[in-house]
Amino acid sequence: MAASPRTGAGLVCTGLTKQYGGVTVVNDIDIALVPGRVVGLVGENGAGKSTTSGMIAGLVQPDRGSMTIDGDPYEPRSPGDALKAGVVLIHQEIRMVRELTVAENIFIGRLPMRGGRVDRARMNEEAADVLARLGSRVDPRQRIDELSIAAQQEIEIARALSRKPRFVIFDEPSASLGKSETARVFDQIEALKAGGAGIVYISHRIEEITRLSDAIVCLRDGHLAARWDTGDVSREAIVRAMVGRDFTYGHGTPPEAGNRTVIEVSGLGRTGAFEGIDFAVRAGEILGVAGLVGAGRTEVVRTLAGADRATEGRIVVDGEDTVIRSPQDAIRAGIAMVPEDRKSQGLLLARDSMDNMTLPWQRHLSRRGIVTRSALTATYRRFREELDIRGQADVAVAHLSGGNQQKVLLAKWLVHQPKVLILDEPTRGVDVGAKMTIYAAIRRLAEDGVAVIVVSSELEEVLGLSHRVLVMAEGRPQGILDRADATPEAVMRLALPQHADATHI
Amino acid sequence: STTDAGGAPTGSKTIGVSIADQKSLFYIAAADGMKAAAEEAGYTLVLESADNDATRQVNQVQNLLTQQVGVLIYTPQDATAAGAGVRLANDAGVPVVALDQKPETDDVEISTFIATDSVKAAYDVCTWMFEQMGGEGDIAVLQGPLGATAELQRTEGCKKALAENPGINAVQWESAGWDETQAFDTTQNILTAHPELKAVFGESDAMALGAAKAAQQAGRTGMVFAGIDGFPTMFTAISDGLTQATMAQQPYMMGKLAVENAIQLLEGGADLPQDQYQDAVLVTGDNVAENDPTKFYGPEAARN
Amino acid sequence: MTVSDPSTTAAGATAASPATIAARTVPADRREPRAWKKWAGRVPGPLVGLVVIFVLLSILSPYFLTSRNLLNIVTQISAVGIMSVGALMVIIIGGIDLSVGATLALSSMVMGYLFSYSGMPFELALVLGLAVGALIGLLNGILVTVGRLQPFIATLATMSAATGLAVFITGGNTVNGFPEWFVSLTRLSIAGIPVQGLILLAVFLLAAFWLRLRPGGRALYAIGGNEEVARLSGIPVRRTKLVVYTLAGLLAALGGLLVTSRLDSAQPTAGAADLLNVIAVVVIGGASLAGGTGSLLGTFVGLLIIGVLNNGLSLLGVSPNLQPVVLGAVIVAAVLTDRQARKAQSGER
Amino acid sequence: MTVSDPSTTAAGATAASPATIAARTVPADRREPRAWKKWAGRVPGPLVGLVVIFVLLSILSPYFLTSRNLLNIVTQISAVGIMSVGALMVIIIGGIDLSVGATLALSSMVMGYLFSYSGMPFELALVLGLAVGALIGLLNGILVTVGRLQPFIATLATMSAATGLAVFITGGNTVNGFPEWFVSLTRLSIAGIPVQGLILLAVFLLAAFWLRLRPGGRALYAIGGNEEVARLSGIPVRRTKLVVYTLAGLLAALGGLLVTSRLDSAQPTAGAADLLNVIAVVVIGGASLAGGTGSLLGTFVGLLIIGVLNNGLSLLGVSPNLQPVVLGAVIVAAVLTDRQARKAQSGER
Ligand SMILES: Nc1ncnc2c1ncn2[C@@H]1O[C@H](COP(=O)(O)OP(=O)(O)OP(=O)(O)O)[C@@H](O)[C@H]1O
Ligand SMILES: Nc1ncnc2c1ncn2[C@@H]1O[C@H](COP(=O)(O)OP(=O)(O)OP(=O)(O)O)[C@@H](O)[C@H]1O
Ligand SMILES: [Mg+2]
Ligand SMILES: [Mg+2]
């Protein structure tokens, strides 16, 4: 195979193996990063993709196996070693130092110097340069905590690119990006490739994999399940290799919604964020919310869930005027929200799945005011079955794979069935199998009469799931499309400001 | 005696007082005495308390001198570090009345020194205690915060008495930081490890009281507990038979004396003795009834 | 390991064999190490260290293991122990309370002052003393939540203020002559156990009940873990914080009551030495100052380590100058030993 | 809101009313508050509070604004100020150092002992005294990095040990009679500014240069902000931590030198009261104990607040026991005032 290199060219890994607490999560994996080529790495959540990448980038020490670069032994004991060897990992989880500026985050660990001092001017300049290549307009002097997740992801990529790496591993870079940002990342990957870098690209979006890759490696439960020497593989074949069975990937028409209006919002606004939001969702209806990154979708749903306070407008739940000033108010009114950033807003990373799922429901799960372990365990078991949550039960959710984290987060808000369920980016970083499970769960909830609001940057997801789609741009509603009218083109026309050139998207 | 620097305006009627702390009754009573005397004579008193921090006390002396006090009454936290404060006053030409402690260095000048002889006080009370024990047996000593001047002097005094009483065996030295609760806990432990213990010398009344209470709780009788200070509570305890003796100091009177001396210095022409040692009075069950605590700690002492 | 020869798979070039698919099922051997880990995780903080200290002292001092000495230890740790419970709760929510010692002193002095200087019935003075403690705690809570001050600053300020007021209120005088029943409270034993030990136990058990079994108490861990997650989960973060700081103040006042009763004396400088002890107890007990972790069992072990060490060093007659040196070394050793032991158990590197 | 999509930004005018669009999308408009915010963010911590205190004291006391008094303040804050620099660095990396005061005492005592008891040349004793400080710091660093102890525990242990040793080494005796040049060090002025003030300034400037302009210093913020990111970015986290703790120890020893010179006396109990002051200075100066933030400018303002307040309360003749009460209240007020002011400026609610 072309990807199976002349011995020694590029970064070659042989027999990589890693165990955690007696469980083998990566087992005897061979993979090669060849200059000028992209290897697509796929696999279910928890298949071991990030662990494999971690070993290559010196984050994780392999228990067995060896690596070479151009035939010389390569044994990174720390990320620093890997960086010195030109190996850079763009981490799946966005990792920023919130207290530092954008430029400093990009050049962290190797600030440019002049005359024994940090050369801030040059640093900002070079940062602006890399950012511009990614098409980002972020000010390098800005502090990280003022930025959206998408912007942070771009900085993460900029950080890697600015190192002029020989080998780059992209661990799900697109999970937090909109379509246009993703397109620009692809441009950069092409440029890197042309420059002779060896690249691994990890994604759950199969079409990205097939489009970019020169070879595809599929992992399953830590094993190497399949390998293709070309990117030209059918979606079905990849999915089959990933999950071990055929998978229908697509959306049927959702079941008919009921007639009873569960939530009605009129004139909702929050100064500086959004305004003039009107919509109603009936029992059993799924309302999609589409828009470009930064359109204000998250702000709207956060307000509904009491995370922020509205400055104007009315919210009526089940025919009753409801004042929502805190998450408690929202929960009491039966409104639950799965937030978009599961790490900072959704999960207690240091606690296990059970604790996380039951966190808002301690009172409901208690008997005469006493929370019993059995009630918690029963709840956990129920959702582990229902949502097919994998991974160790008693391990901190920080150690779960992204997809399983997302399922735990979803379960958290299903323990006590809400009247209105809001999902903000419900499948971010989730594998196809898990996506199907989550979609099925959403459908089931709708069938049970829950009013569902889904915010997603994956157009396919919004359109596939929803009865109707609300499109937003710049903090204002641009229109609501019925399922029949909600073609990708129609949505995009509304989502895009008039003068923008649409060729990006 | 030091007027060359000329920092102090003549005719100033302000007396600066820098005192080690205002938490211990000794210093509080001294301050009360000063206030009373100053008020009587129509002088203004500016009082600073350093919370037992030598550095802070030097800072406060600076601050007092800034306010152009005519004379400084100085009760330093620590004798060995006292020089720095006095030197500041010397440099500003402000005469110093040292109370309780004085600098150990020779290159600074003080006008007079008023104090209890702590070494002697500890020696006396320990000697009395050893007599009560018939000259033999085990004792424990509860020390103040290690390194504090009062602790060092009182330890020295007691060691002197020990040297003269070979039958007495000090089986344990322990610091209880002037604190009654710590003394209580420590004594519990000492009593456990030394069942034969016959007496405890507390280098302060609070510690002697804590020790006595621990022994009482442990059901130990016939022991001797002695302290130094002469706090009103100690008087009561001696009357009640809880403790046996204390060396009562006279801070209220010393405070008054310090102000009187200070006024003499302000008005010029004072010819003060270099050292004015005040006797501490040994108060025991025999004479506690005759001694009025207010004589030692001022009118405030009557409240208890 | 089904795909043990990667080159074959590579050559296979397409989907995997059925055997690979079977490998997905969770192997049985997964459960084994996990049970261990769980158990080890539940072993409170530096228990190993405590056991070692305990055994060593039993060998070194003939008095250590006497029932009388053990009872002494109980009475010696009770006030600090009660305060530690409050400190633990504050630390779990990610805060810190520097004012515990000062609160102890002020509430005790207020009680003494009201009783002795203003002639109030003692029972009322006692209740007001406790109320003062709770009030300082509430003030801390308000400064932290409404004022959004860092807990360190807020409680440093109240500490400073309470310390000053405690001396001010009686001009530095101690208050004595409390009613007989109150003084004898700390001298009584029930079934051989000192009453203050029982109070300590009751406080620990009540707190454990709250923290482990009541929704309100369990919320503390969520708040300390990630305040925003807790808020979005509908937990009344602000109210919980107020409750926790108030409880910490109240418990410090309760500790003050015990100290006062024990010595029949309210003292303005009481408790000053307790602050670092109290926090040390909690942290040695395994709680992290970053918040979100900490258990009462661990805190109890920490309390015993400090209590037993102080007692043992006295019994052994270690020179008072060297006691703090030994104390420091033993604390490090205890925490390190425990860490080693837990690593070995859980199979971590 | 950050508009990350360029096409969105390009949307000068869409459906919405021009005013709203301007507010939501046009960068120029967004820059305004941000520039303010940025500026406000650079204003060191509670500067507003300091200014208010300063003005009030100038009005209330005729002595406050004399040059003599201002110079006094400089000498009064220098030791604590030097220690604060070390404490700031430790706090930036997310640690804490409880041992500063004890280190000050021990290094000063070691210097005194070597000079006075063992007859070593003074200059050598001085260097060894500084070395002891650095060594304690290094030990802290090793316990924290290699031993993986919580900084609170590690430095609590060294604090305890150093406190004990400081007394042990001379049996509690202070050491006097240092060489004249050393004692006069803290009495000299150069160009009207006391030497210790110049040393303080030098330490602040050097530290500011390191923290702001050298990569090694910048790394502190990264470590405190997110240790994992720092590690992943190839920053030598462990080594940096060792350096920081060692520097903190060294600076505490330098503070000890000044105190010794000023008092012409090495005292085992020196520095005991400084711990809370030092941490308060840093935290009032805007650093968060969670790590990752804190500036030398802020710390300097914090230092001035504490120094000016202590001085001012003295000058005003506030009753000694009420001084801590006022101090506590003013600290809260200063931090709160500043917060209000910055909110107003930055347009937050
Ligand atoms: N530090 C750890 N301790 C214990 N288990 C771990 C740890 N890190 C990873 N794991 C486990 O290893 C397995 C592989 O995880 P990994 O993150 O490599 O999966 P992934 O393929 O990247 O998944 P995703 O697509 O969700 O990112 C998971 O079951 C995970 O729970
Ligand atoms: N939790 C939050 N806290 C503060 N600001 C936020 C939060 N979430 C989003 N924002 C800010 O509000 C802006 C509006 O974006 P918002 O997230 O509402 O849009 P969106 O359409 O949901 O886009 P996205 O796909 O990025 O979520 C973002 O650029 C971001 O900076
Ligand atoms: Mg992954
Ligand atoms: Mg969003």
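Every value quoted in this text rests on a predicted model; they were computed, and no experiment measured them. Chain letters run A, B, ... following the sequence lines, proteins first, then strands; residues in each count from 1.
The structure places CD1 of I108(A) at 9.0 Å from CG of L232(D), a figure rounded to the nearest 0.5 Å. Atom CG of residue L213(D) and atom CG of residue D119(A) lie 10.5 Å apart, to the nearest 0.5 angstrom. Taking OG of S233(D) as the reference point, atom CG of L111(A) lies at 10.0 Å (rounded to 0.5 Å). For the atom pair OH (Y221(D)) and CD (E104(A)), the distance works out to 9.5 Å, reported to the nearest 0.5 Å.
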Which atom pairs, one a donor and one an acceptor, fall under 3.5 Å between side chains of residues 280-293 of chain D and the rest of the protein, sequence neighbours left out?
from	atom 1	to	atom 2	distance (Å)
S288(D)	OG	A290(D)	N	2.9
T293(D)	OG1	S288(D)	N	3.2

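Interface remark: A222(D) contributes backbone and side-chain atoms alike to the contact with chain A (heavy atom separation under 4.5 Å). Proximity to chain D is limited to the side chain of L100(A), based on heavy atoms less than 4.5 angstrom apart. Residue R159(A) touches chain D through its side chain alone, counting heavy-atom pairs closer than 4.5 Å. Only the side chain of L83(A) comes within contact range of chain D, with at least one heavy atom under 4.5 Å from a heavy atom of that chain. In this structure, chain D has a heavy atom under 4.5 Å from the backbone of M96(A), while its side chain stays farther away.
Under a cut-off of 6.0 angstrom, the local environment of CD in E75(A) is sparse, with at most 12 non-hydrogen atoms contributed by other residues, nucleotides or ligands. Applying the 6.0 Å contact sphere to CZ of R110(A) captures more than 12 heavy atoms from other residues, nucleotides or ligands.
Here the closest non-hydrogen pair linking R214(D) and V118(A) is C-CG2, 3.7 Å. What you find for R212(D) and R120(A) is that their closest heavy atoms are O-NH2, 3.3 Å.
The side chain to side chain contact (heavy atoms under 4.5 Å, CB included) test applied to A350(A) returns no partner, not counting sequence neighbours.
Considering only heavy-atom pairs separated by less than 4.5 Å from chain A, the leading option among A219(D), G216(D), G217(D), G225(D) is G225(D).
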